Amino acid sequence: MRRFYAPVSSFSDGGVTLNEDETRHLRDVLRLHVGDEVSVFDGTGREFRSTIASIEKRSSKLLIVGEMQPASPESPLDLTIAPTVLSGERYDLIVQKAVELGVSYLIPLTTLRCEVKLKDAAKRLDRWRRIALEATKQCGRAKLMEIGDPKTFAELCSDSTNSTVIMFSERDGNDFSTVTPANKITALFGPKGGWDDTELDLAGKNGVNVVTLGGRILRAETAAIALTAILQHRFGDVN
């Protein structure tokens, strides 16, 4: 069944209105017609079986038949990841796979050895959010992974949070067994050059749990994806 997204504000009177982009995809790419059955999710975790009632140039109307269970359930782990921003399309891959792995929130992180400046990372937010939306459609989730504004490492460390914060590092960390099971975790992933000594010191002063996994060397994007999967396996629903 073809899936579409519409925010909660687009639902009313037993129907939902798709915006111009979703309508163009419905009409011009998928070539669907009035009467065809589709599903629509609202980004908060709810999905509905629907039929196409009308197709216009800039919008389309769906008639809701009933609520349905999303193909991909949400993880019991409220997982936020903060991967250091990478150049090129490698960060696009992290965003896409984070959605597939059930991440709730992603914070683009800039560090001392980061390849991308904070202001340049902010310019890529719209692109990452589009990638997250497309990944949500494809993987069957009905809840959108939020992508926050970029933050520096110092800003993220100083934020007060109820989350267990884990900083993955290739050195100067503890074994993974020291991580206490939690329902809410924030995971930090460093750049390809690794963390600077001052960042490791700052993490220690702010009570961040620094974790090192053996001696295997991973690319920055591989580490972010693989360790997110490990966290979901240990504390979430990937088992």
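No experiment lies behind these values; they were computed from the predicted model shown.
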Spell out, yes or no, whether [X] and [Y] are grouped together once hydrophobic residues are joined by side-chain heavy atoms under 4.5 Å, including indirect joins.
| X | Y | answer |
| --- | --- | --- |
| Leu77 | Val238 | no |
| Ile185 | Ile81 | yes |
| Val65 | Ile52 | no |
| Phe4 | Ile64 | yes |
| Val34 | Leu62 | yes |

Taking [Y]'s backbone N and O only, do any of them form a donor-acceptor pair with [X]'s side chain (distance below 3.5 Å, no angle check)?
| X | Y | result |
| --- | --- | --- |
| Arg2 | Val38 | no |
| Thr136 | Ala132 | yes |
| Tyr105 | Thr186 | no |
| Asp196 | Thr198 | yes |
| Asn206 | Leu202 | yes |
| Thr84 | Phe189 | yes |
| Ser59 | Glu20 | no |
| Thr212 | Asn174 | no |
| Arg171 | Trp195 | yes |
| Asp36 | His33 | yes |

Exercise for review: Flag the pair Phe11 / Phe48 as yes when their ring centroid distance falls below 6.0 Å, and as no otherwise.
Suggested key: yes
List the atom of [X], the atom of [Y], and the distance in Å for their closest heavy-atom pair.
| X | Y | result |
| --- | --- | --- |
| Ser12 | Lys61 | O-NZ, 4.2 Å |
| Arg113 | Gly194 | CD-O, 3.1 Å |
| Ala82 | Leu109 | O-CD2, 3.5 Å |
| Ala220 | Gly190 | CB-O, 4.0 Å |
| Cys139 | Ser72 | O-CB, 3.3 Å |
| Asn239 | Gly236 | ND2-O, 4.0 Å |

Working to the nearest 0.5 Å, report the span between [atom1] of [X] and [atom2] of [Y].
| X | Y | atom1 | atom2 | value |
| --- | --- | --- | --- | --- |
| Asp126 | Ile147 | CG | CD1 | 10.0 Å |
| Leu231 | Leu79 | CG | CG | 6.0 Å |
| Glu67 | Asp42 | CD | CG | 8.0 Å |
| Thr110 | Lys119 | OG1 | NZ | 13.0 Å |
| Arg130 | Glu134 | CZ | CD | 9.5 Å |
| Lys97 | Asp92 | NZ | CG | 12.0 Å |

Check your understanding: Can you name the residues that form a side chain to side chain contact (heavy atoms under 4.5 Å, CB included) with Ala226, not counting sequence neighbours?
Key -> none
Exercise for review: Would you check, one step at a time, whether the test side chain to side chain contact (heavy atoms under 4.5 Å, CB included) holds for Val165 with Leu188?
Suggested key: CA-CA 8 Å; Val165 182; Leu188 283 58; 3.7 Å; yes
**Study point:** Audit row: Arg27, Glu22, salt bridge (charged side-chain N to carboxylate O under 4.0 Å, His left out) steps and yes/no
**Key:** CA-CA 9 Å; Arg27 182 190 61 232; Glu22 293 291 84; over 6 Å; no
**Study point:** No-hydrogen, no-angle side-chain donor-acceptor test under 3.5 Å, Ser75 and Gln232
**Key:** yes
Practice item. Consider only side-chain N and O atoms of Glu37 and Thr51, and report whether a donor and an acceptor are under 3.5 Å apart. Key: no
Review point. Any idea how Phe176 and Phe235 line up, ring-wise: parallel (<30°), tilted (30 to 60°), or perpendicular (>60°)?
Key: parallel
Exercise for review: Could you tell me whether Asp13 atom CG has more than 12 heavy atoms of other residues or ligands within 6.0 Å of it?
Suggested key: no
Under 4.5 Å between any side-chain heavy atoms of [X] and [Y], yes or no?
| X | Y | answer |
| --- | --- | --- |
| Leu26 | Ile55 | yes |
| Ser39 | Met68 | yes |
| Asn183 | Pro76 | no |
| Phe153 | Met167 | yes |
| Ser169 | Val211 | no |
| Val116 | Arg124 | yes |
| Leu125 | Pro150 | yes |
| Leu106 | Pro108 | yes |

Practice item. Just do the side chain to side chain contact (heavy atoms under 4.5 Å, CB included) check on Phe41 and Leu144 with the steps written out, would you? Key: CA-CA 9 Å; Phe41 64 95; Leu144 287 174; 4.3 Å; yes
Check your understanding: Does the pair Leu213 and Glu170 meet the rule for a side chain to side chain contact (heavy atoms under 4.5 Å, CB included), with working shown?
Key -> CA-CA 7 Å; Leu213 296 177; Glu170 77 284 358; over 6 Å; no
**Study point:** Partner set under side-chain hydrogen bond (donor to acceptor under 3.5 Å, both in side chains) for Arg219, not counting sequence neighbours
**Key:** Glu221
Practice item. Please identify each residue that fulfils side-chain hydrogen bond (donor to acceptor under 3.5 Å, both in side chains) with Lys192, with sequence neighbours left out. Key: Glu115
**Study point:** side chain to side chain contact (heavy atoms under 4.5 Å, CB included) between Glu89 and Leu93, intermediate numbers included
**Key:** CA-CA 7 Å; Glu89 298 181 353; Leu93 181 66; over 6 Å; no
Review point. Among Glu47, Glu100, Glu74, which residue meets the side chain to side chain donor-acceptor pair (under 3.5 Å) test with Arg141?
Key: Glu74
**Study point:** Matching residue for Asp21 among Thr23, Asn19, Leu18 - test: side chain to side chain contact (heavy atoms under 4.5 Å, CB included)
**Key:** Asn19
